[in-house]
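In what follows, chains are A, B, ... by sequence order, proteins preceding strands, each numbered from 1.
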Number of protein chains: 4
Amino acid sequence: MKEKITTQSIILFEKKGFSQTSIQDIVDVLEVTKGTFYYYFSSKEQLLMDIHSDYITNLLERQQLILDNQNLSQKEKLSRTIRLLVTDIADKGPSARVFFREVRHLANENIENIKKKRDQFRLNIEKTVNEGVQQGEFRKGLRTDMITFGILGITNWSYQWYKPDGEISIDELVEIYVDMILKGIEQ
Amino acid sequence: MKEKITTQSIILFEKKGFSQTSIQDIVDVLEVTKGTFYYYFSSKEQLLMDIHSDYITNLLERQQLILDNQNLSQKEKLSRTIRLLVTDIADKGPSARVFFREVRHLANENIENIKKKRDQFRLNIEKTVNEGVQQGEFRKGLRTDMITFGILGITNWSYQWYKPDGEISIDELVEIYVDMILKGIEQ
Amino acid sequence: MKEKITTQSIILFEKKGFSQTSIQDIVDVLEVTKGTFYYYFSSKEQLLMDIHSDYITNLLERQQLILDNQNLSQKEKLSRTIRLLVTDIADKGPSARVFFREVRHLANENIENIKKKRDQFRLNIEKTVNEGVQQGEFRKGLRTDMITFGILGITNWSYQWYKPDGEISIDELVEIYVDMILKGIEQ
Amino acid sequence: MKEKITTQSIILFEKKGFSQTSIQDIVDVLEVTKGTFYYYFSSKEQLLMDIHSDYITNLLERQQLILDNQNLSQKEKLSRTIRLLVTDIADKGPSARVFFREVRHLANENIENIKKKRDQFRLNIEKTVNEGVQQGEFRKGLRTDMITFGILGITNWSYQWYKPDGEISIDELVEIYVDMILKGIEQ
DNA sequence: AATGAATGAGTCTTCATTCAT
DNA sequence: GATGAATGAAGACTCATTCAT
């Protein structure tokens, strides 16, 4: 039941936004009562926290798998990280969108842990770019921190406009963005 | 008074979010009463509509000035458009952030006009890139629609993380992003 | 309206207790809506605070009138204070009972001011007894602080059992208690 | 387990009040579940009833022991009854406080039996005073019913203010009150 | 003897909105 | 132009209670 609530909440939060989704909305779909919700979650915010925490934790784990692979060039690592983010639109679209949109609704105590992991993910990308620079794969003199924000901008913004049933496939999109980004920073 | 309400609302919407800001919050700061608010605006959503409308209209106008300049190459037009977007963070930060974050709260009737202008802005960029391709400034075979979303991703995402009092200036940031984007798509 | 809400609340708090009385109960009787309640009071506890504050402030004022009268002996001052408390059962029964019963529901921030006045009232009695001892009206060696608690016990407890339409009048009760107390402590 | 629940409930009821204490609060401390509670008690009110019933039954028994002692004067009987009540603050503080404060939460059906015993306790005191009057220990013409309420006021009120770790001991307090009361009513 | 899941009615509170003045 | 009073619908959350296991 806890899982059913989480799943349903993600769908509703994505569709209507966190603020616009009431507990009643959630439990109505599941045909249970509000009491049930509060049996599993201490508050609406706690639920959002769980969603965020699950998502970023999983994302970080998958990023780590890429980084741990010693055989990959930095270009390849960066490509795969971009692919990771973009393919999540199709695979975990709602979770991902909720994750990127509703941070604001996490109060200070809760947000710290999430924010730390979020920063970790970003810093991992920055490190990859840095090493790419040192190893001559990317241009010298890049502001790698700003470049990293640029990369995240491209990928994360796609959560705003990408329609899974639109005219372009995820694979094509990944290719286009990888191409644009690598050309943008390589020697 | 109408202007004071708008200005104050933008500040509060940016700080706390649209949903989390009550009419009471707004009028409290201005030391007037809720009745006053409803004298000038028919609803909370109408106010948000006005803010969005003002912002996108102004943005479009300034974009048009760039596009109308016959002496500029497409690269230059694109650079200036990027500059336009990024400098707004510093100059119109709150408005811009409200614009990019709170679209969701506009109901269908209101959103059409805004959306049309928003799309227009994007299509203007796409057209610039297209012409750049035709004139040999940018690579052949680019999916210019996706590239455009990528460019917007880079610029708009900066509204999420840029701190005006941080270690990097707007001008430096513009330079970095123009460089990254142009390198990413030029011949 | 604010006054009507206060008056009605006192009646209901006395009859059913603070916890058992809902805002709905209060506004139902007045045939207004809950919104109205919250237009005048920021919370249920705030209302209780107001009730307590009004009561103790008024009680202190009337006590002060007695103490300021230079012509009275300490015995007389004490008699009049006892009369003050006991007659309030008839005159302000509900307020008084709410005051003596529902202190517990005031959270820490609110209670301080009330508590201070409450203590002031008690200390005023203690001072009267003390002076009575010094002037030879009351016995030497009395623990005047404990005696004061005893006096308050007698009077305040009457709020628990006294029935205005019972077989004994307030005036008779005052006489009995004044007699008992004075005999208990005089030379 | 039943006893553990009762003991723990008394502590919590005293600290937070009956209404403010949830079944969850009680079972949390005992590290059992709500089901367990309802295995032993049919309702929250039933539990409160049990607590009241236990307390007053025990109090009555101990009072009876005093009254049955043929060798005691009425003064002595009264003294011992006062001592009985006041020492309970130290010995059974929480139970006693719950008993004196939370009567209100007993609904009509339950309260009858308790009330009868409560009245019995009071009437036993009244009878002692009456006999004291007849035997010339106390003054003629006393309204013994009101005097009894006065005595109970003094003792019961001490449950409101007495701090076990304060500057006065129970024994001293008993002495002071016995003195005050006896002087107040004796020949 | 005890649990864990679920209920449902109720609680306080918020807030956009209306309207007579 | 602006106010102050009032509304009413909705929101998050609590909690005593039930019951199959």
Rounded interatomic separation in angstrom, taking [atom1] from [X] and [atom2] from [N]:
{"X": "A:D28", "N": "E:dG8", "atom1": "CG", "atom2": "P", "result": "13 Å"}
{"X": "A:I26", "N": "F:dC13", "atom1": "CD1", "atom2": "C1'", "result": "13 Å"}
{"X": "B:K16", "N": "E:dT14", "atom1": "NZ", "atom2": "C1'", "result": "12 Å"}
{"X": "D:L47", "N": "F:dC15", "atom1": "CG", "atom2": "P", "result": "16 Å"}
{"X": "D:L30", "N": "E:dA2", "atom1": "CG", "atom2": "P", "result": "11 Å"}
{"X": "C:E45", "N": "E:dT11", "atom1": "CD", "atom2": "C1'", "result": "15 Å"}
{"X": "C:Y38", "N": "E:dT11", "atom1": "OH", "atom2": "P", "result": "11 Å"}

Task: Pair listing, salt bridge (charged side-chain N to carboxylate O under 4.0 Å, His left out) test, anchored in residues 17-30 of chain B, at least two apart - done: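 Every salt bridge (charged side-chain N to carboxylate O under 4.0 Å, His left out) pair that includes a residue of residues 17-30 of chain B, provided the two are not neighbours, is B:K16-B:D25.
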
Task: salt bridge (charged side-chain N to carboxylate O under 4.0 Å, His left out): pairs with one or both residues in residues 36-47 of chain D, sequence neighbours excluded - done: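 Qualifying pairs: none.
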
Task: Protein-to-nucleotide contact annotation, 5' to 3' order, nucleotides 2-11 of chain F [B base; S sugar-phosphate only; - none; under 4.0 Å, heavy atom] - done: SBBBBBB-BS

Open item on the list: Applying side chain to side chain contact (heavy atoms under 4.5 Å, CB included), can you list everything that pairs with D:I111, at least two apart in sequence or on another chain?
Closed with: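 For D:I111, the residues satisfying side chain to side chain contact (heavy atoms under 4.5 Å, CB included) (neighbours in sequence not counted) are D:V103, D:L106.
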
TODO: List for me each residue that meets side chain to side chain contact (heavy atoms under 4.5 Å, CB included) alongside C:D54, sequence neighbours excluded, and say none if there are none.
DONE: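 Listed in chain order: nothing, the list is empty.
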
Task: Residues in salt bridge (charged side-chain N to carboxylate O under 4.0 Å, His left out) contact with A:R101, at least two apart in sequence or another chain - done: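 In terms of salt bridge (charged side-chain N to carboxylate O under 4.0 Å, His left out), with neighbours along the sequence ignored, A:R101 is linked to no residue.
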
Open item on the list: Test of understanding: with ring pair (Phe, Tyr, Trp, His ring centres under 6.0 Å), list the residues that count as partners of D:F99, not counting sequence neighbours.
Closed with: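 Ring pair (Phe, Tyr, Trp, His ring centres under 6.0 Å) check on D:F99 returns D:H52, D:Y55.
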
Please list every donor-acceptor pair under 3.5 Å in which a side-chain atom of residues 30-42 of chain A meets a protein atom from a residue at least two apart or in another chain.
from: A:K34; atom 1: NZ; to: A:Q24; atom 2: OE1; distance (Å): 3.4
from: A:T36; atom 1: OG1; to: A:T33; atom 2: O; distance (Å): 3.4

- [ ] State the dot-bracket string of DNA chain F. Criteria: Watson-Crick or G-U wobble, both atom distances under 3.5 angstrom; notation: ( ) intrastrand, [ ] crossing earlier pairs, | interstrand, . unpaired.
- [x] .||||||||||||||||||||

Open item on the list: Which label fits C:F100 and D:W157: parallel for a plane angle under 30°, tilted from 30 to 60°, or perpendicular past 60°?
Closed with: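 Taking D:W157 first and then C:F100, their aromatic rings stand perpendicular (interplane angle over 60°).
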
